[in-house]
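Working notes, beginning with the structure itself.
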Protein chains: 2
Amino acid sequence: MTAQPLHLSLAGQTVDLVRELVLTGEIPPGERVNEVELASRLGISRGPLREAIRHLASEGLLVLVPNRGAHVPKADADEVRALFELRIALECAAASLAAQRRTGAELARLREVSAESRANYQAGRRFPHRLDLAFHQALLDAARSPRIAEQVRLVQQRVILLRSRLNTDSAHQFASMDDHDELIAAVAAADAALAGAVMRRHLDRVRDQLLGEIAPS
Amino acid sequence: MTAQPLHLSLAGQTVDLVRELVLTGEIPPGERVNEVELASRLGISRGPLREAIRHLASEGLLVLVPNRGAHVPKADADEVRALFELRIALECAAASLAAQRRTGAELARLREVSAESRANYQAGRRFPHRLDLAFHQALLDAARSPRIAEQVRLVQQRVILLRSRLNTDSAHQFASMDDHDELIAAVAAADAALAGAVMRRHLDRVRDQLLGEIAPS
DNA sequence: TGACTGATAACTGTCGACAGTTGACAATAT
DNA sequence: ATATTGTCAACTGTCGACAGTTATCAGTCA
């Protein structure tokens with residue numbers, strides 16, 4: 001009953017499992033990860049767990065300290081700024097590419113996500129984070145740049161880690177939806193420069209919002 | 001004689017070691033990596049080697065296939081284009097940031113590298129790849145964006161892997177040095193938009209050069 | 001002669017155990 | 001009472017061995 005790589009290797013499954021533990025805050029920032037304890041809790045050996053930990057460390061979701069194991073990083077304002085410089089570089093490029101390459105179907109998908117967001121919001125519910133991610137994902141699909149998409153996914157994970165237990169206020173949500181619609185307009189007009197500029201303004205706003213919630217805590 | 005984490009863990013050393021094997025072409029593209037053989041050749045156990053392999057895979061220097069191990073990826077033209085879309089996004093952003101943030105010392109360093117390149121070239125020697133890397137590194141330092149710098153390093157590695165045994169013709173080298181000097185001018189003038197644009201043109205050229213050398217092989 | 005099928009060898013995936021290091025606690029001296 | 005030092009427990013780093021999977025090759029049948 002040792003190996004069962006029926007569909008996905010044990011180490012591969014463990015990566016997703018531990019990733020979820022980190023992103024949901026079940027392993028809170030600053031907390032050290034005990035290999036033997038977590039391994040027995042997951043019912044696996046330390047080998048695959050170690051591989052999973054190393055992998056998540058390469059994604060930036062864990063920090064490795066020699067002989068002292070891994071822990072979830074807790075970010076300060078400087079880290080937020082540095083991370084958003086990377087995110088802005090990637091997503092602005094993606095927005096420009098999307099404006100140049102998008103097909104009609106991809107444009108329709110963007111409008112679909114936007115419409116669902118506004119419907120949700122006007123029905124009194126909040127703007128779910130799920131739909132925000134869906135929008136950025138749809139834009140990434142339209143950009144059709146697999147290497148950029150890869151990196152954006154990794155950066156988005158780290159951003160999620162930052163905002164894991166932060167509540168977003170509704171004024172900012174409204175502004176975000178407006179940004180999204182402006183982006184759709186730029187992409188529809190095939191205006192690469194404008195799409196990049198709008199994305200930049202959007203992410204600047206999101207970053208400042210995050211900074212405002214982190215600093216005075 | 002099992003563990004000797006005197007300064008760097010065995011797995012950490014192995015990462016650098018295998019990275020060198022891949023980048024120098026000692027393990028050529030397409031070649032499969034045999035864990036037991038390589039482990040015994042390095043005089044270590046399979047555990048640390050596996051961790052090193054996984055790490056390099058996360059850097060894009062190896063590709064993992066379930067139950068079939070790892071191999072060095074060999075890139076086609078599409079992969080070159082996709083990779084350069086990422087590189088352009090990152091390095092253009094870095095160039096713009098460098099134009100905004102550079103100090104006098106950082107500017108002097110850029111000019112120093114450029115001067116050394118031209119001296120080397122005019123002395124009849126070729127434009128060493130080492131100096132090209134040094135220039136991009138100096139620009140990255142001037143940008144002072146640690147997260148972007150991290151990713152640029154990883155992308156540059158993958159580019160090195162592509163051009164591992166390609167000879168660069170001297171006309172292109174001359175053009176590259178001109179691009180570099182234009183970049184310095186833009187950075188010196190603190191013109192972020194121009195710096196980004198020049199970098200984009202530079203990398204477009206480098207990409208096309210690479211594509212020209214790969215296609216007819 | 002060619003295609004199919006079963007055995008076999010090579011390799012990856014996983015596990016349990018040992019060795020080395022680190023931080024904390026307690027005992028002692030000042 | 002405080003600082004110092006020796007001991008120890010907990011944890012990470014590493015190893016060798018076993019289990020499962022995949023690809024190759026020989027043998028058989030049409």
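Just so it is clear: chains get the letters A, B, ... in the order the sequence lines come, proteins before strands, and each one is counted from 1.
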Would you indicate, yes or no, if dC15(D) has its OP1 or OP2 atom less than 4.0 angstrom from a side-chain nitrogen or oxygen of R46(A)?
no
When the distance from CG of L10(A) to C1' of dG20(D) is rounded to whole Å, what number comes out?
13 Å
Test applied, side chain to side chain contact (heavy atoms under 4.5 Å, CB included); reference residue, F135(A); option that passes from L110(A), D179(A), L140(A):
L110(A)
Check the phosphate of dT12(D) against N34(A), side-chain N and O only, distance under 4.0 Å to OP1 or OP2. Yes or no?
yes
Send over the distance from L42(B) CG to dC15(D) P, rounded to a whole Å.
11 Å
Closest to the side chain of N67(A), out of dT21(C), dT14(D), dG13(C), is dT21(C)
From the list dT12(C), dC15(C), dT12(D), which nucleotide is the closest neighbour of the side chain of R32(B)?
dT12(C)
Quick one: L62(A) CG to dT12(D) P, roughly how many Å, whole number?
12 Å
Using a distance-only criterion (donor-acceptor N/O pair, under 3.5 Å, no hydrogens), is the base of dG13(D) paired with the side chain of R68(A)?
no
Classify G69(A) by what it touches in the nucleic acid, base, sugar-phosphate, or nothing, heavy-atom distance under 4.0 Å.
sugar-phosphate
Output yes when a side-chain donor or acceptor of E79(A) lies under 3.5 Å from a complementary backbone atom of D76(A), and no otherwise.
no
When the distance from CD of E51(A) to C1' of dG13(D) is rounded to whole Å, what number comes out?
14 Å
Is it the case that the side chains of N120(B) and E116(B) hold a donor-acceptor pair, with the cut-off being a distance below 3.5 Å and no angle test?
no
Measure from CD1 on I44(A) to P on dA19(D) and round the result to the nearest Å.
20 Å
Proximal nucleotide (of dG13(D), dC15(C), dG16(D)) relative to the S45(B) side chain
dG16(D)
Counting just side-chain N and O atoms, does R50(B) come under 4.0 Å of either OP1 or OP2 of dC11(C)?
no
Spacing of NE2 belonging to H180(A) relative to NE2 belonging to H202(A), to within rounding of 0.5 Å:
3.5 Å
Return the value, rounded to whole Å, for the distance between atom CD of E35(B) and atom C1' of dG13(C).
8 Å
Distance-only donor-acceptor check, side chains H55(A) and E59(A), under 3.5 Å:
yes
